[in-house]
Protein chains: 2
Amino acid sequence: MTDDAPTPTDAIVTIFKAIADESRLKILAHLSAEPASVTDLAELTDLRPPTVSHHLSVLGGAGLVTAERRGTTRIYSFLPSGLDEARRSLSEERGLSAFSDDETLEAWEQKVLSVFLDGETVVQIPAGEKKRMVLVRWIAAKFEEGRDYPEREVNEIIKQHHIDSAYFRRMMVETGLMTRANGVYRKPATPGRSA
Amino acid sequence: MTDDAPTPTDAIVTIFKAIADESRLKILAHLSAEPASVTDLAELTDLRPPTVSHHLSVLGGAGLVTAERRGTTRIYSFLPSGLDEARRSLSEERGLSAFSDDETLEAWEQKVLSVFLDGETVVQIPAGEKKRMVLVRWIAAKFEEGRDYPEREVNEIIKQHHIDSAYFRRMMVETGLMTRANGVYRKPATPGRSA
DNA sequence: AGCGTATTTCGATAAACATCTACGTAGATA
DNA sequence: TATCTACGTAGATGTTTATCGAAATACGCT
């Protein structure tokens with residue numbers, strides 16, 4: 001599988017690249033006021049028609065404008081819906097996280113595990129928060145979902161991998177990987193981790 | 001007045017340029033999940049630390065991240081408020097129009113007038129919609145605001161500048177530059193054209 | 001058919017940029 | 001004090017890109 005497939009991430013980057021230019025922003029501003037031809041925009045923006053044509057091509061590639069033939073001229077119009085995706089990326093809390101490549105992230109986590117694990121034993125707790133969490137999640141994977149564990153059993157399982165059972169027990173509860181009710185621990189069902 | 005002052009438009013363009021890069025989007029994604037150091041981000045993004053440092057500098061210049069010294073390392077954090085301006089530019093209906101430079105626009109209108117006017121006479125009606133509207137507005141400027149004009153007088157005034165009084169009369173009414181009630185014409189007060 | 005106008009395409013150029021390696025700097029620790 | 005580690009800076013390099021003039025294309029009009 002090559003990497004030249006147009007991913008949704010690419011689409012967003014294309015849109016941002018398209019509007020990250022002063023000339024194109026001016027063009028979009030004029031078009032958002034009313035449709036216009038290339039020569040109109042050239043005079044409005046103080047650019048030569050070929051330059052405007054190029055910018056309109058970029059904007060069109062990002063899905064931000066459309067063209068309609070009107071005799072020999074072409075009337076370009078602004079497509080507000082083209083910005084929807086960009087808005088979502090900036091607005092949603094989860095919008096940006098779409099760009100963290102799960103592939104390299106998984107590879108990185110494997111690397112962290114290979115460094116701090118010796119077989120099934122945690123040989124050292126990393127200093128970085130992100131790296132620590134990789135270990136905590138690895139420990140949490142040793143538990144079954146939806147099953148009740150008394151604290152004694154939780155400690156036993158953790159101690160198979162590291163001496164400080166209290167640390168990992170606390171981390172799992174703090175981060176929601178484990179829940180505690182009436183002294184009984186339980187690993188909730190994963191909401192939607194694996195795609 | 002030179003043009004090297006940091007205008008609000010520049011700030012927006014800077015922000016868009018900052019997020020219009022896949023590596024920086026990945027970095028922002030990780031930072032939006034949790035603060036991280038340069039080396040952490042370097043491993044996560046599969047880039048060398050100097051490259052990450054450069055990107056963080058760009059993001060910092062756009063007001064999207066902050067750094068906090070933690071011993072020898074620096075913990076970078078995502079600044080969600082840095083995206084507020086960008087969101088506004090994309091969301092508001094009037095957001096994009098902020099980029100249309102009124103200065104060059106006025107100059108362009110003067111140029112259009114100089115081409116299609118001979119003194120006080122319209123020598124030709126331009127083909128482009130935008131250019132036509134410049135002429136229509138110029139004609140409309142010959143009327144006083146808030147005064148009643150019978151159709152006969154409207155035609156007289158227009159004919160001082162162009163023969164086809166019906167065309168300009170209709171255009172002015174269609175575009176709201178003039179209102180017609182009971183056969184009487186009136187130019188409403190300008191809502192907020194001149195800054 | 002032939003001409004004029006609007007647009008795109010082509011080729012060139014100069015600037016911006018992402019990325020790297022090599023080096024410099026500043027805290028922390030022994 | 002010496003050393004180690006994390007970070008930034010400087011310089012180099014290859015790529016992208018914004019812009020232009022010149023030429024090609026498409027369309028309408030006479």
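Since this is a predicted model, take the numbers as computed values, not measurements. FYI, side chains are in, hydrogens and waters are out, and symmetry mates aren't considered; it's all heavy atoms of this structure. Quick note on labels: first sequence line is chain A, next is B, and so on, each numbered from 1.
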Shared hydrophobic cluster, B/Leu113 / A/Leu44 (ILVMFWY, side-chain heavy atoms < 4.5 Å): yes
Taking only residues two or more places apart in sequence or in another chain, which ones pass side chain to side chain donor-acceptor pair (under 3.5 Å) with A/Arg180? A/Tyr185
Please produce a list of atom pairs where a protein N or O lies less than 3.5 Å from an N or O of nucleotides 2-6 of chain C.
from  : atom 1 : to      : atom 2 : distance (Å)
C/dA6 : O4'    : A/Thr72 : OG1    : 2.8

Grab the CD-P distance between A/Glu43 and C/dT7 for me, whole Å please. 11 Å
Would you list the protein and nucleotides 16-18 of chain D atom pairs, both N or O, that sit under 3.5 Å from each other?
from   : atom 1 : to      : atom 2 : distance (Å)
D/dA18 : OP1    : A/Arg24 : NH2    : 3.1
D/dA18 : OP2    : A/Arg24 : NH1    : 3.1
D/dA18 : O5'    : A/Asp21 : OD2    : 3.4

Under 4.0 Å from OP1 or OP2 of D/dG8: is there any side-chain N or O of B/Tyr76 that close? yes
Excluding sequence neighbours, so at least two apart, what forms side chain to side chain donor-acceptor pair (under 3.5 Å) with A/Asp84? A/Arg87
Holding to ring pair (Phe, Tyr, Trp, His ring centres under 6.0 Å), I want the full list of residues that pass it with B/Phe168, two or more places apart in sequence or in another chain. B/His162
Look at all strands and tell whether A/Pro50 reaches a base, only sugar-phosphate, or nothing, counting heavy atoms closer than 4.0 Å. base
Residue list, side chain to side chain donor-acceptor pair (under 3.5 Å) with A/Glu153, at least two apart or on another chain: A/Arg147
B/Leu41 CG - D/dG8 C1' separation (whole Å): 15 Å
B/Arg186: side chain to side chain donor-acceptor pair (under 3.5 Å) partners, not counting sequence neighbours: B/Asp148
Given C/dA26, C/dT19, C/dT8, which nucleotide is nearest the side-chain atoms of B/Leu47? C/dT19
Holding to salt bridge (Lys or Arg N to Asp or Glu O under 4.0 Å), I want the full list of residues that pass it with A/Arg69, two or more places apart in sequence or in another chain. none
Look only at the side chain of A/Lys17 and the backbone of B/Ala20, and say whether a donor-acceptor pair between them is shorter than 3.5 Å. yes
Distance check needed: D/dA12 C1' versus B/Arg48 CZ, whole Å only. 17 Å
Nearest-angstrom distance from the residue atom CD of B/Glu68 to C1' of D/dC7: 15 Å
Between CZ of A/Arg69 and P of D/dT25 the distance, given in whole Å, is 15 Å
Taking CD1 from B/Ile27 and P from C/dA18, how many angstroms apart are they, rounded to a whole number? 11 Å
Rounded distance in Å - CZ (A/Arg70) to C1' (D/dG28): 14 Å
Rounded distance in Å - CG (B/Asp40) to P (D/dT5): 16 Å
Is there any side-chain hydrogen bond (donor to acceptor under 3.5 Å, both in side chains) pair reaching into residues 47-61 of chain B, and which pairs are they, with sequence neighbours excluded? B/Arg24-B/His55
